[in-house]
Amino acid sequence: MKKILLILTTTLLLTACANTNDQDEKVDDKEVTKEEQKRTTKVQISKDYYRHLLPFEPTDTRGLTSSNMVSSYNAEHFEKGLLTISQKNFNPNDYLYSEGEVLNKDIIEGYLNHKYTKSEIKEMSDSEKEEKRAFANLGLNPSHKGEDDPEKIAENSPTYLAHILEQDFYIETDAKNNKLSGMTLGLAMNSVHYYQKEKNGPILSKNLDEDKVIKEGQKMAQEILNRIRVNDQVNDIPITFAIYVQSTDTSLSPGEFVKYAHVSKKSKKIGKWENVDQQFVTVPTNEAAKLDKNINENYKRFNQDLKDFFPNYTTSIGLLEVKDGKAEELKIDIPMDYYGQSEVVALTQFVGDLLNKYFSSVPNIELIISDNQKPKATIIKEAGEEEPFIHIFE
């Protein structure tokens, strides 16, 4: 089936969760009722998508990804890319998907804090400790060690970890008993530390060394594993960790996953980290030319042909995904001034011809023609399909 309109704390807290689970297990000696059993959707869009467990139960972490990431580009590709990495160990044909249920909002926000020193905690009032979640002191970002100068903090103890995203997986037999079968945790790391010297002052930035960022992410992943293994829900399931490095807040391209590691059942140690060879670049740009000169040049010709035939057309940019050194997907957004349905039809047909002419080597293409961000037409070409799917909005 085509992907039609897919466009469109803590140790303390976790231990408490574990104790709650122990009590639940005593109640669960009785047979699980039909009402308590999880169900699953029967339709699977394609082999690349998981079937979801029902009823759909949004967690209190909903919205954290978009609010914690530096841009919508990063938020979208972090979540989508993490599902791709999950598929390396949790096959969509064998596993069902559910939103993360182990790390709640309080735990994640606690993990994102900076570690406090004993003297810092001692100087806090009880209300301040509660507000800053200093009682559990779960922060994974480095301690400021009492420093309050924003420039020195940026230099010595920047914010590396921006967000944690959990994805849960069940095999059908475990789902019937509400037993988690596997988990993936994505760590979104910053490539830039943003700060202000004074309140309401200009936003300043310091670039972070990528090797250091990755090493910090690996250490944090091991610490998270140490903490969550005390929870009965996850003490004996396989867990995948993945590290994503965000792009800047002004970049038109998202960041990228750089490492992932799979932890076997009951293991408390992360072993070998694997490299992720996946990049996203804006086309046409010099950066894109280094990855695929042919596609970059063809994109320039694509834009020029559109300018020659449609006077209302300005220009467009694309987002190229490269995996293992090969073009995997190209997303194109074409802005236009809407003058009538006939013009939309003509432009869509012309664009369809140009896609075949210039981008036949790209397996997957997703193109949107829009007016003031309102979609007018879409063209989707999937790997293995001879003809693209074309839809014009009425």
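Along the sequence shown, residues are numbered consecutively beginning with 1.
F90 has its ring centre no less than 6.0 Å from the ring centre of Y50.
If you check the side chains of Q222 and N226, you find a donor sitting under 3.5 Å from an acceptor. Side-chain polar atoms of N275 and K259 form a donor-acceptor pair below 3.5 angstrom. Judged purely by distance below 3.5 Å, without hydrogens or angles, the side chains of H144 and S157 pair a donor atom with an acceptor atom. Checking N104 against T59 by side-chain atom types alone, no donor-acceptor pair falls below 3.5 Å. Side chain to side chain, N113 and E109 fail the donor-acceptor criterion of an N or O pair below 3.5 Å. Judged purely by distance below 3.5 Å, without hydrogens or angles, the side chains of S253 and S251 never pair a donor atom with an acceptor atom.
The shortest non-hydrogen separation linking I85 to A242 is CD1-CB, 3.8 Å. In terms of heavy-atom proximity, S66 sits nearest to A75 at CA-CB, 4.1 Å. Of all non-hydrogen atoms in P254 and Y73, the two that sit nearest each other are CB-O, 3.6 Å. Taking every heavy atom of both residues into account, N235 and R229 meet most closely at CB-O, 3.2 Å. In terms of heavy atoms, D168 sits closest to E101 at OD2-N, 2.9 Å.
Classified by interplanar angle (parallel below 30°, tilted 30° to 60°, perpendicular above 60°), the ring pair F78/H163 is perpendicular. Ring-plane geometry between Y299 and F302 is classed as tilted, the angle between the planes lying from 30 to 60 degrees on a 0 to 90 degree scale. Aromatic ring orientation, F169 versus Y95: perpendicular (interplanar angle above 60°, classes split at 30° and 60°).
You'll find the side chain of I203 stays beyond 4.5 Å of the side chain of D249, heavy atoms only.
Rounded to the nearest 0.5 Å, atoms NZ (K331) and CG (L320) are 12.0 Å apart. Between atom OH of residue Y111 and atom CD1 of residue I164 there is a gap of 7.0 Å, rounded to the nearest 0.5 Å. Atom OG1 of T315 and atom NZ of K300 lie 11.5 Å apart (nearest 0.5 Å). Distance NE2/H114 to OG1/T159: 3.0 Å, rounded to 0.5 Å.
Both I270 and I239 are members of a single hydrophobic cluster when ILVMFWY side chains are connected at heavy-atom separations under 4.5 Å. When hydrophobic clusters are built by joining Ile, Leu, Val, Met, Phe, Trp and Tyr residues whose side-chain heavy atoms come closer than 4.5 Å, directly or via intermediates, I369 is grouped together with F359.
Just one of T378, D333, I334 meets the side-chain contact (heavy atoms from CB on, under 4.5 Å) condition when paired with L367; it is I334. Screening E256, E321, H77, E328 against Q278 for a side-chain hydrogen bond (donor to acceptor under 3.5 Å, both in side chains) leaves a single residue, E321.
Proximity of a side-chain donor or acceptor of D94 to a complementary backbone N or O of I171 within less than 3.5 Å is not detected. Panel note: side chain D174, backbone Y170; no donor-acceptor pair is recorded below 3.5 Å. Listed for the R51 side chain is no donor-acceptor partner under 3.5 Å among the backbone atoms of Y97.
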